[in-house]
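I have placed the structure first, in the form of structure tokens, so that the comments after it can refer back to it.
In what follows, chains are A, B, ... by sequence order, proteins preceding strands, each numbered from 1.
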Number of protein chains: 2
Amino acid sequence: MTIKNSNIEHFKDTLQAEGLRLTSQRIAILEDILASEEHRECDDILFSLRSNQISVSRATVYRTLEILEKGGFVRKMNIGDGRFRYENKLPKPHHDHMICLECGRIIEFVDQEIEARQVHLTKQHNFKLVRHIHQLFGICEDCQPAAANKGV
Amino acid sequence: MTIKNSNIEHFKDTLQAEGLRLTSQRIAILEDILASEEHRECDDILFSLRSNQISVSRATVYRTLEILEKGGFVRKMNIGDGRFRYENKLPKPHHDHMICLECGRIIEFVDQEIEARQVHLTKQHNFKLVRHIHQLFGICEDCQPAAANKGV
DNA sequence: TGCTTTATTGAGACTCAGTATCAATATAAA
DNA sequence: TTTATATTGATACTGAGTCTCAATAAAGCA
């Protein structure tokens, strides 16, 4: 069985466990996400599907993304510009993001010291840590020459 | 001169430097923010003003918050629920936030090790760090008994 | 002080990402 | 197949935040 098919099977099981149905739209959306390593917004996914002659409504993309997020297939991230981004979560261990303010490029990072400090700090406040957001905003290597000219 | 008046003077200077005018609405909004230690959304500030018989339009609150943010008087924060929060930034050193998923309570924290790691990590990627968001979501001490009953 | 210029205000129209509604359709189990 | 019901697509709606514009109010100047 291919990796792709095993993911579809896993999705099918997830749906069945919730009394949901496996539809061609849901499969197409999941396959599109599995085929991408990017951090995309809803319309990026919609247009990617359309470029492959797959017509799905925007509402269905949003609805499916919600199911995929709950099932652990995608990660929904808010980078503060008013639009959520979705990334294929399956092959990835936990990580946080550096976000370029110029080009929107996203660099993933993890740091065990930071992870450990978070646990330590929340314990100090008797706060039960569920999840975290750690985003470093700045200018990526490629954008620094252009940004310098603009006085950033 | 009182601390409050020195802040108003500072605000006046900031406005003048930009060719902006000192209006009663702007003063009222700044004073309301200076009097609060909370992380409030636009309407909280609007209703706080109204409870003091000060009538200002929502558009003016948004416009003034933008000026105050640029001038370093307030910090605008996105906690991921679709509404921005604004906090009085003047008396505060840099800090990040723990956010209770049950009651919305916000606990401030700083950790020099984390700050140092951020600098180290961005340097590794030749990324010019401008600002960061670090939010720890979970259940605060007060909400843990209730949350445990709901199976969180 | 009064005059003039122009920034500001308030009211409400507008934007836009995301959600809700609902009739038509498709899935899955019998 | 048939049947029950989940899903879809089209579109109306929501809500935070922004824009527009005529009326108003600062601030500099005579």
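Atom CG in A:L68 sits roughly 15 Å away from atom C1' in D:dT7 (whole-Å rounding). Distance B:I27 CD1 to C:dA7 P: 19 Å, rounded to the nearest Å. Distance CG (B:D81) to C1' (C:dG18): 14 Å, rounded to an integer number of Å. The CD atom of B:E66 sits 15 Å away from the C1' atom of D:dA16 (whole-angstrom rounding). Between the CD1 atom of B:I67 and the C1' atom of C:dA7 there is a distance of 10 Å, rounded to whole Å. The distance from atom CZ of A:R58 to atom P of C:dG18 is 10 Å, rounded to the nearest whole Å. Following rounding to the nearest Å, A:L22 (CG) and D:dT8 (P) show an atom-to-atom distance of 10 Å. One can place CG of A:D44 at 11 Å from P of C:dG18, the figure rounded to the nearest angstrom.
The base of D:dG9 sits within donor-acceptor range of the side chain of A:R63, with an N or O pair under 3.5 Å. Not a single donor-acceptor pair, N or O on each side, falls under 3.5 Å between the base of D:dT7 and the side chain of A:R26.
Comparing D:dG28, C:dT9, C:dA28 by their closest approach to the side chain of B:Q16 singles out D:dG28. With distances taken from any side-chain atom of B:R21 to the nucleotides D:dT8, C:dA28, C:dT6, the minimum falls on C:dT6. The listed nucleotides are D:dG9, C:dG18, D:dA25; the one nearest the side chain of A:Y62 is C:dG18.
Within the structure, a side-chain polar atom (N or O) of B:T60 is placed less than 4.0 Å from OP1 or OP2 of C:dG10. Contact between the side-chain N/O atoms of B:T23 and the OP1/OP2 oxygens of C:dT9 is found at a separation under 4.0 Å.
Each of B:F84 and B:L20 was matched to the nucleotide of DNA chain D holding its nearest heavy atom; the match closer to the 5' end belongs to B:F84. With DNA chain D read from its 5' end, the first of the two nearest nucleotides for B:G82 and B:A59 is the one closest to B:G82.
The pair A:E108-A:K92 counts as a salt bridge, with a side-chain nitrogen and a carboxylate oxygen less than 4.0 angstrom apart.
Taking the six-membered ring for Trp and thresholds of 30 and 60 degrees, A:H132 and A:H94 have ring planes more than 60 degrees apart, a perpendicular arrangement. Aromatic ring pairs are classed by plane angle as parallel below 30°, tilted from 30° to 60° and perpendicular above 60°; the pair B:H95 and B:H97 is perpendicular.
With B:F137 as the aromatic partner, A:R131 meets the cation-pi criteria of under 6.0 angstrom to the ring centre and within 45 degrees of the ring axis.
Neither side chain, B:Q135 nor A:H134, offers a donor N or O lying under 3.5 Å from an acceptor on the other.
Using a 4.0 Å heavy-atom distance criterion, A:Q25 is classed as a sugar-phosphate-only contact. Nucleic acid contact for A:R83: sugar-phosphate only, since backbone atoms but no base atoms lie under 4.0 Å from a heavy atom of the residue.
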